[in-house]
Structures are given as C-alpha cells and as structure tokens.
Number of protein chains: 2
Amino acid sequence: MTDRAGRRRDSGDRDSARREGARRGNAHRESDRRDLGAMVHPVLRLLIAVELPILAAHEVSMWGYSVLTALDDGPVRTQATLAEAIGADKTRIIGTLDELQAAGLISRTPDPNDRRARLLEITDEGRRVRRAARAEIRAAEERLLSALTPAERTTFVRALEKLSVLTPDDLPDVRDLP
Amino acid sequence: MTDRAGRRRDSGDRDSARREGARRGNAHRESDRRDLGAMVHPVLRLLIAVELPILAAHEVSMWGYSVLTALDDGPVRTQATLAEAIGADKTRIIGTLDELQAAGLISRTPDPNDRRARLLEITDEGRRVRRAARAEIRAAEERLLSALTPAERTTFVRALEKLSVLTPDDLPDVRDLP
DNA sequence: TATTGTTATACTCTATAACTATA
DNA sequence: TATAGTTATAGAGTATAACAATA
C-alpha cells in the first residue's frame, strides 16, 4: 500500500502497453492474457447463440439434444444415471424426458426386473433427429474454428478434450506444480 | 431414410469403435470428437467451481470481479458502456455496482458535463482486491492447465484468445469455407 | 424527443425437499 | 429401510418494459 500512486501509474503503463500490443497483433507474454473464465465464457455464449436456432429448427431443447447424444451411445438403465452423465440433476431432466418421449424421440420402459427403474433408449426417429442436428451443429462449429490455423485447431480440440473430462478432484495441489 | 437398419448398425459399430479407441488412448479422427459445446460447457463449469470460492473469500461476486477487471484497465464514462464491455445488461449490473460502491471498491461520480452519466472508476482498494483475487485465480488456472503439455497449453490459450473475441457477425458463411 | 440510470415485473433455471411406488 | 422417479416450492438469474432525471 506504500508508494501507491507510483505503482499505480506503472501498472497503468504496463496495461496500456499490453492493450497496444494486442491491438497491433504483437506477440505478448502469456501472463498478460485474460483470465480463462473471461475467455471461455464468451466462447460458450457464442456457441449457444449459433446452435440454439439449429436445435429449435429440429424442435429439441439444449438438454434434449444432450440426452439424445448420450443415448445415441447406448441405452441407460436409470434416469439418475443419465442425468449424471450429462452433468444434470435427476429432477431437472424429467421435463426434458417427457418432451422427448412425447415427440417419439426416446422410449422409457419400466425395467421388468426392477419396476422402479426406467430403461431409456433412443428411437430410430430420435437418432435421425440427433444426427441431422449434429450435422448442422458441426457445420456451425466449422465457421468458428475457421478462425484458427489448422495446427491451432487440432491442438485446441485436443486440449479441450483433455480439459473437459477433468473434475475438481483431478486437479493437482498447487505445491505439486513444477 | 432408406436402408435404415443397415446404416444404423454400421453407425453403432463405428461409435463403439470410437469409444474403444478413446478408452485405449488411441489417436482418432477429429470428426469423432464430441460437440464443442459439450466440451466447453464442462470446462466453464470447472472454472466456476474452482474460482467461486476464491472470489467469495475476497467478498466479490463473479460479476463484481468482472467489473473490477474491466475498470482496472481504465475508467468508464457510463454504466451501459461498462455493461456491454463485460457482456452484461445495463439493468443487470446495477446491483453489482451498488455492492462494489458500498464496499469501497469502485467510485461512481456523476459526470459534471452530463449529469445523467456516472463516471466509473476503480479505487485503490478495489485494485488491491482485484489483483489479489486474480493472483489466486491464476494459480488455480495453473492447476487446470497442468493437464496440458507446454506446447498444447500455449496453442490452447492462443486459440482461446482468438475465439473469445468473435461475435456472430464475424463468422463466415458456410459456403465461404474451404 | 432522446438518453442515462433505475425500478418493477414476469419468466426461466435451478436447487431442495417432500411425496409415490417399488424393492 | 432404501431407492427410482416425480412433484412442489422457493430461490437465483435474466429479460423486458416502464419510469425519473437530465439533456
């Protein structure tokens, strides 16, 4: 807190220099980057903005599409399992499952062995809708990824795959970092 | 729509092969990846889970931290400008600004030339809080990024910087893609 | 009349707990 | 009693429109 005015002016100059560098497209130290959250959040918002109209055209919600995607990998025996697989809550996906079932995109049959559980399966029509939607979503994603060089794109997707499967438990302690 | 059963079985086999390949850590075609949204969403959720406790310890909300970050780059003349800069709405940040001002982290002074506008500035204390919080957030981000190789990490951050500044208007038409 | 900030309202999501039906 | 699914309720977050002050 001592020498405040001086330090503040220094920092201001550094920030200005960083902004200038960014504006002119110069290389800059990675520590001058924005926070990851401040970059990931707008990317997700852009993805949602681009993909929601596509899903709407296929008459499925974001969660509905997520369910169809999960079930296209194979049936699931309980709704709670499915919910956890897509990062949702068992109470939250009920409305989604109701809609998907009413639209004939999934089937929900009580397990004969344990009639509390509901065997969840995608229908042929559900598979068709999911894959048609996915094709358009992939095309939309190409529009985003075209901002990257081919090498950047490959590495970006690979890195994203690694990061997306991490849980808080997977993170190392700060003291174990090099 | 013709030959549905046959194609469906083929696709199922391909999906199984992809899951097997992924499980064994084999290289796989990029087209076999999950949707970007399905990967970006969990990453953002993980970032929020890791960073919210840090911000709470410094007694600022996520939007409060976002405001402090924006103002640490320089003062802003109107609240609407600030709101747009952080991707929010002018009505949405009012409560946040009230809190930050009450905590002495920002100042909100009517512009003498146009007394409708409020000149927004970060205070010394606000700068201190913001930078202390950022230091911890950066440390937390290191824990995430340590899942990547140094080369992956550099390219990932660079790609994220590019993608995070895109707006829907920046996206090329599908027909203009190579 | 247009703009800045504010308030009010409704709407969507989400989280939690209570309930039913099966086991 | 424990579990799977469902429903009910309240809370947070957001969007929209209406409003007061100033230009």
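Residue numbering restarts at 1 for every chain, and letters A, B, ... go by the order of the sequence lines.
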- Mind checking the CG-CZ spacing from A/D72 to A/R130? Nearest 0.5 Å is all I need. 4.5 Å

- Message: Within this structure, what is the NZ-CD1 distance for the pair A/K90 and A/I94, rounded to the nearest 0.5 Å?
- Response: 8.0 Å

In whole angstrom, give the distance that lies between atom [atom1] of [X] and atom [atom2] of [N].
| X | N | atom1 | atom2 | value |
| --- | --- | --- | --- | --- |
| B/R92 | C/dT9 | CZ | C1' | 17 Å |
| B/W63 | D/dT14 | CH2 | C1' | 10 Å |
| A/K90 | C/dA15 | NZ | C1' | 13 Å |
| B/D98 | C/dT7 | CG | C1' | 11 Å |
| A/D89 | D/dT7 | CG | P | 15 Å |
| A/I93 | C/dC13 | CD1 | C1' | 15 Å |
| B/I94 | D/dT14 | CD1 | P | 14 Å |
| B/M62 | D/dA12 | CE | P | 16 Å |

- Scan residues 107-120 of chain B against DNA chain D and write down, sorted by residue number, each residue with any heavy atom closer than 4.0 Å; if none is found, say none. B/D114, B/R115, B/R116

- Strictly below 4.0 Å, heavy-atom distances to any atom of DNA chain D: list the hits from residues 43-59 of chain B, or just say none. none

Using 4.0 Å as the upper bound for N to carboxylate O, is an ion pair formed by [Y] and [X]?
| X | Y | result |
| --- | --- | --- |
| A/E142 | A/R153 | yes |
| A/D98 | A/R108 | yes |
| B/D111 | B/R77 | yes |
| A/E161 | B/R34 | no |

- Per atom distances to the A/T91 side chain, the nearest of C/dG5, D/dA4, C/dT16 is C/dT16

- Does a side chain donor of either A/R128 or A/T123 reach within less than 3.5 Å of an acceptor in the other side chain? no

- Query: Does the side chain of B/Q79 come under 3.5 Å of the side chain of B/R118 through a donor N or O and an acceptor N or O?
  - Reply: no

Kindly list each side-chain donor-acceptor pair under 3.5 angstrom involving residues 39-64 of chain B, sequence neighbours excluded, with atom names and distances?
from, atom 1, to, atom 2, distance (Å)
B/R45, NH1, A/G87, O, 2.8
B/H58, NE2, B/E136, OE2, 2.8
B/S61, OG, B/G64, N, 2.9

